[in-house]
Amino acid sequence: MAAAKVAIVGVGKIVRDQHVPALADNPAFELAATASRHSSLDGVDPYTSIDDLLIARPDVEAVAVCTPPQVRHDIARTALLAGKHVLLEKPPGATVSEVDALRDIAHSQGVCLFATWHSRYAPAVGDAKAWVDSHPVSKVEIVWREDVRRWHPGQAWIWEAGGLGVFDPGVNALSIATLILPPFFLTGSDLFFPANRQAPIAAKLAFHLDGADTMTADFDWRQEGPQTWDIRMEAKDGSRLRLSLGGAELEIDGASVPQGPVREYGGIYERFAELIATKAHDVDVRPLAQVADAFLLGRRLVVEPFHD
Ligand code: NAP
């Protein structure tokens with residue numbers, strides 16, 4: 001079967017780090033064009049807007065939208081209405097309702113919409129889910145603490161309304177939790193906003209999970225030194241699980257469970273090829289809904305200004 005021509009909108013860090021190598025490794029796709037206001041990729045047909053791209057390259061079948069979330073909806077809508085299959089980077093939008101609206105358009109257009117959650121493709125997530133399925137949990141502790149200066153240098157959008165702040169990485173933890181745990185919902189949220197920013201630098205969340213004594217999340221962007229992307233659980237029978245490095249490593253009862261290599265975006269593009277072949281959708285807004293709930297219920301606490 002001929003490779004599907006795909007275009008990328010919004011050439012930035014994640015495109016260069018992950019999308020370009022994943023596409024190069026997948027014979028189901030050919031990276032045919034980009035649309036980005038200031039950036040381009042060597043050897044790839046460049047445009048500066050989705051509209052110009054769609055006019056010039058009617059042969060493009062699929063569009064990967066990798067911009068910040070605040071501008072994602074309009075680009076995705078334009079591509080869907082032009083009959084293109086669409087992949088959305090995480091989070092799939094700035095609001096839950098706009099993602100629902102995109103799903104309706106994709107459905108009526110008969111094309112595929114894929115709202116990706118890359119952390120769900122981390123190697124140890126499947127084994128962690130199997131453990132949860134056979135071990136009713138009594139305690140869940142999510143700890144996602146990283147250094148914003150190291151991972152998001154110069155990204156002004158991430159601090160603006162809709163940029164999610166510390167929930168930009170935190171939603172990755174929630175994407176794993178919503179996949180592997182039974183349904184849970186937010187009961188409390190403290191959001192820590194630097195005095196000079198529109199998005200939180202830290203968040204402490206509490207959840208209700210049926211049958212569990214506690215479920216908490218601690219997201220923080222002020223962690224220097226070792227970085228922590230852990231989900232720790234205790235089961236009612238005393239067994240313990242620790243999913244670490246964002247889902248790359250797993251320990252059960254203190255013993256390491258060997259995992260394959262990290263190839264989250266390889267998995268994402270394999271899934272996108274399957275969805276295109278069947279014209280199916282994969283749109284799960286639950287991680288974004290948890291973030292929205294954290295803002296709805298959040299106590300806003302002002303902390304010292306943040307400077308890059
Ligand atoms: P980035 O480096 O800032 O790149 C985003 C690109 O989008 C920019 O280079 C910009 O290119 C384009 N863009 C279009 N409209 C924009 C606007 N209004 N403001 C700013 N940029 C705009 O960001 P990124 O790290 O690649 O993240 C993009 C998305 O991927 C985010 O949703 C993020 O959560 C997700 N993601 C990032 C990572 C990571 O490690 N960085 C990992 C997984 C997922 P032009 O100026 O050329 O238009």
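It should be emphasised that the depicted structure is a prediction, and the values quoted were computed from it without experimental measurement. Note that ligands are numbered from 1 as they come in the structure, with each ligand's atoms numbered from 1 the same way.
Ordered by chain and residue number, the residues placing a heavy atom less than 4.0 Å from ligand 1 are G10, V11, G12, K13, I14, S36, R37, H38, S39, C66, T67, P68, P69, V71, R72, E89, K90, P91, H118, Q155, W157, D168, Y265.
For the residue pair S138 and D213, no side-chain donor N or O sits within less than 3.5 Å of a side-chain acceptor on the partner. At a cut-off of 3.5 Å, with distance as the only test, a side-chain donor of Q223 or T228 sits close to an acceptor on the other residue.
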field: Check against salt bridge (charged side-chain N to carboxylate O under 4.0 Å, His left out), R263 and D25
entry: CA-CA 11 Å; R263 53 181 303 279; D25 277 355; over 6 Å; no

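Using bins of under 30°, 30° to 60° and over 60° for the plane-to-plane angle, the ring pair W221/H152 lands in the tilted bin.
Checked against a 6.0 Å centroid threshold, the rings of W144 and W151 do not count as neighbours.
Distance CD/E89 to CH2/W117: 10.0 Å, rounded to 0.5 Å.
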